[in-house]
Each structure stands twice: as C-alpha cells, then as structure tokens.
Enquirer: 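After the structure tokens below, expect a handful of questions from me.
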Amino acid sequence: MAQFVPRPSCKPELLNLPSVAMQKVELPTSIELCAGAGGQALGLERAGFEHVALVESNLTACATLRTNRPHWNVLTEDVRSFDGRPYRGVDLLAGGIPCPPFSVAGKQLGSLDERDLFPAVLRLAGEIDPGVVMVENVRGLLDRRFEAYRAEIAAELGEMGYEANWMLLQASDFGVPQLRPRVVMVAPKRHLADSFTWPEPPEVCPPTVGEALFDLMQCEGWEGAQRWRSFANGIAPTVVGGSHKHGGPDLGPVRARQAWAALGVNGMGVADAPPSASHQGAPKLTVRMVARLQGFPDGWEFVGRKTAAYKQVGNAFPPPVAEAVGRAIAVALRRNQPVLAEA
C-alpha cells in the first residue's frame, strides 16, 4: 500500500511562511469510503479533490472504478476493517454508506442493522483526523426516530473537534433530471466551521426525462421517439438500486413503477438495448439511460452484467450533487489553508 505523506497542518499558526506575490495552493486530498461505482468520487474529483484512496468491498464496483480511473488507488476492502492510520492528515473523509439501515425498504433498523457503517466512519475519523468528514445517505436518516442517533453521532464527532451539519439536498436542484432527495452530513473541524456554507442550487431547471434521453431512445431508429419525448415531460422518480443481497434490474416497487408509467416508461425491468425501429408500447430504460438520469457522463463505463451494472448506477450519489458539496468544502479548506511559496 502506498504511504500517504500528509501536507503541513492547515492551522496557520503552526507555519512560518514567507509573504510572496506568487503563491501555490495544493489540491485538497480525500479518502472515499464505500466508493461504489464512483458517483461521489467523480463529483469530488470535479470539485478539485485528489483521491488518496477509494475503499470498496464489491469486486465489480472496484473494477468499474479502475476501468474509468486507472490512476486511482482503489482498495478492495471492507470499511469495517480498513486501517486509516497510514492516511492521517487527509483533508476530507467522505463516503456514501449503505442506505438500508435508514430506508423504509430496509425496515429502518438504524444502529441495530448489521449494515450500519457509521461506527466505522467515526473510528476512521479518529484515525485519519481529516479536516472535514462527509457522509451521504437516504432521506430517512432525518426521520424523528433517528433523532437520538444523529445526536449521538454529532456528540462523538464533537469530542473529536468537529461540528456536524445535516442537510436534505434534492438532486433535481442541481440539474439532475430525477427526484432524488439525499441527506448529507458535513462535519468540519471547528476552526473550519465558519467557512463552510451549503451550496446554493443554480437557478436552472433540470431537463425532463424526454429531453435527457431522447437521443438514446431514437438511436436505433424508433419511430415513436419524438412522440415519447413529448410525453415524458417531467423529471424521473428516485432510481432504486436495491441492496447487494436483494433487488433486481427494475425501476422500483409498485408506486415507483406507476410514476415511471406516467412518463411513458416501462419500469418492470431494464432493457439490454434501446427500442428498435418497430418498437410498440412504453420502452424500458437501458443502464446507460439510467446512468444519465443519475448525472453520470456517457463515457463512464459500468463493469459487469446488466443486474450488477444497474445496481451500481442505482445506488450512486449523483456526481453533480457531490460536486456542489465538494466545492463548498474545498472553499472552506482553502480559506483556512496557508499557501506555499512558488518555487
């Protein structure tokens, strides 16, 4: 494993730097937990972060990460056994930990669910001592039933010198053509807390499903593509990826499939290819189409068969949202980081 050499402390009083006209600022560094297919990692990369390590236990997801970013240090490990001590001093510890402990589909067992990885995140925060901790999860984490659990997490982080902030962000507010509410916790060190502000959504409406997917729907010559585009005139419901143990390549339970049907989409499965020229009825989406609705660029490849690829896409944090939060974190880090003299 490559040894991470941390940069000097971000606390200015610990450094005696010369005052120069030309100064150099290094890229902030990050470690990604439960990296999955790389949605959050891609967003943070766009926000200017340099990934020191990406930790993911799923072999297929690791292959996806390595395929798209061969230079990334992808570690096939369980977060619960990952040793963060060699990476002490990284600027950001980020992760999209499993959602089932806090989702309705997962029975909302919280800390009683074996898949709850908040204890691992807290342990790693202590080992790595980053400037900021960021965790993404489902909307259910803000339910009243988890109020005490959130307070416990905030208290443990507080003992380590962090101030935890929780915010519900809607993916469609950041240009993603999907109703995808996600809870994000950002916990900066206290000396960074006043410099962090949540990102303001741009005043731009996201494209409709029809606008976002029209070129993919008509690429095989489907005669009904133009009519479908006009019909699919809203944004998508939340894409459901399912857990590693359960769920198949379909667009969710009955209620979700009804919402997809209202957009002219057959949610009973995922197609192997776009509709043919003579296709009749509501089309199914391909994995590439779903990836675009998640905010992935078309060049991002997903390794594995259809079900494995779809789960990677469906469980991802939309890159545009991760980028917006990442930029806000980077600003807070930059405001408190002494610059290095240009050589």
Side-chain angles (χ1 to χ4, degrees), residues 28 30 32 36-49 91-92 94-97 99 102-103 131-143 150 154 163-188 192-214 232-241 252 256 259-260 262-263 289-298 300 313-335:
S30 67
E32 182 83 11
Q40 183 168 268
L42 174 58
L44 292 176
E45 179 188 68
R46 288 174 170 175
F49 281 86
D91 292 308
L92 173 64
I97 63 176
C99 301
F102 310 102
S103 68
V132 181
V133 179
M134 171 187 172
V135 176
E136 173 265 339
N137 212 273
V138 291
R139 183 177 192 164
L141 184 54
L142 288 186
D143 287 356
R150 294 194 307 273
E163 291 188 11
N165 303 273
W166 308 82
M167 181 64 71
L168 179 66
L169 299 178
Q170 180 58 260
S172 59
D173 289 340
F174 296 90
V176 179
Q178 181 189 164
L179 285 171
R180 192 175 186 83
R182 309 303 285 180
V183 170
V184 180
M185 182 199 77
V186 174
L192 299 172
D194 290 342
S195 298
F196 174 75
T197 57
W198 290 100
E200 289 290 334
E203 295 182 2
V204 179
C205 292
T208 66
V209 171
E211 291 168 341
L213 302 183
F214 173 69
N233 61 352
I235 59 176
T238 300
V239 171
V240 180
W260 284 109
L263 293 169
M289 292 175 187
V290 179
R292 190 180 284 186
L293 295 180
Q294 282 279 54
F296 278 98
D298 287 347
W300 198 264
V313 175
N315 287 319
F317 188 26
V321 188
E323 179 182 356
V325 179
R327 289 187 182 278
I329 293 173
V331 167
L333 290 167
R334 195 177 306 122
R335 287 173 178 168

Enquirer: Distance from Arg182 atom CZ to Phe174 atom CZ, nearest 0.5 Å?
Expert: 14.0 Å
Enquirer: Is Trp300 reaching over with its side chain to a backbone N or O of Ala37, donor-acceptor style, under 3.5 angstrom?
Expert: yes
Enquirer: When rounded to the nearest 0.5 angstrom, what distance separates CZ in Arg334 from OG in Ser195?
Expert: 11.5 Å
Enquirer: Heavy atoms, side chains only, cut-off 4.5 Å: are Cys205 and Ile235 in contact?
Expert: no
Enquirer: Which value, rounded to the nearest 0.5 Å, describes the distance between Glu163 atom CD and Asp194 atom CG?
Expert: 7.0 Å
Enquirer: I need the minimum non-hydrogen distance between Leu293 and Pro177, along with the two atoms involved.
Expert: CD2-CG, 3.7 Å
Enquirer: Using distance only, find each side-chain donor-acceptor pair of residues 318-329 under 3.5 Å and give its atom names and separation, not counting sequence neighbours.
Expert:
unit_1	atom_1	unit_2	atom_2	d
Glu323	OE2	Arg327	NE	3.1
Glu323	OE2	Arg327	NH2	2.9
Arg327	NH2	Arg46	O	3.1

Enquirer: Can you tell me if Gln40 uses its side chain to pair, donor with acceptor, with the backbone of Phe317 under 3.5 Å?
Expert: no
Enquirer: Of the non-hydrogen atoms in Asn137 and Ile97, which two are nearest, and what is the gap between them?
Expert: ND2-O, 3.1 Å
Enquirer: Please enumerate all residues that pass side chain to side chain contact (heavy atoms under 4.5 Å, CB included) together with Pro181, with sequence neighbours excluded.
Expert: Arg139, Leu168, Gln170, Thr238
Enquirer: Search all heavy atoms of Gly38 against all heavy atoms of Phe296 and return the closest pair with its distance.
Expert: C-CE2, 4.3 Å
Enquirer: Side chains of Val239 and Trp260, heavy atoms from C-beta outward: is any pair under 4.5 Å?
Expert: yes
Enquirer: Mind listing the closest non-hydrogen atom pair of Leu179 and Ser172 along with its distance?
Expert: CD2-OG, 4.4 Å
Enquirer: To the nearest 0.5 Å, tell me how far Asp173 CG sits from Glu200 CD.
Expert: 10.0 Å
Enquirer: Taking it one step at a time, do Met134 and Leu92 satisfy side-chain contact (heavy atoms from CB on, under 4.5 Å)?
Expert: CA-CA 7 Å; Met134 171 187 172; Leu92 173 64; 3.9 Å; yes
Enquirer: Is the backbone of Thr208 close enough, under 3.5 Å, to the side chain of Asn233 for a donor and an acceptor to pair up by distance?
Expert: no
Enquirer: What pair of heavy atoms forms the shortest contact from Trp166 to Trp198, and how long is it?
Expert: C-CZ2, 4.1 Å
Enquirer: Judged by atom type as modelled, is there a donor-acceptor pair below 3.5 Å linking the side chain of Arg292 to the main-chain atoms of Ala212?
Expert: yes
Enquirer: Could you report the tightest heavy-atom contact between Ala187 and Ala164, atom names first, then the distance?
Expert: CB-CA, 3.8 Å
Enquirer: For the side chain of Asp91 and the backbone of Gly131, is there at least one donor-acceptor N/O pair under 3.5 Å apart?
Expert: no
Enquirer: Quick one: does Arg150's side chain have a donor or acceptor within less than 3.5 Å of a partner on Leu141's backbone?
Expert: yes
Enquirer: Any non-hydrogen side-chain atom of Val176 less than 4.5 Å from a side-chain atom of Pro206?
Expert: no
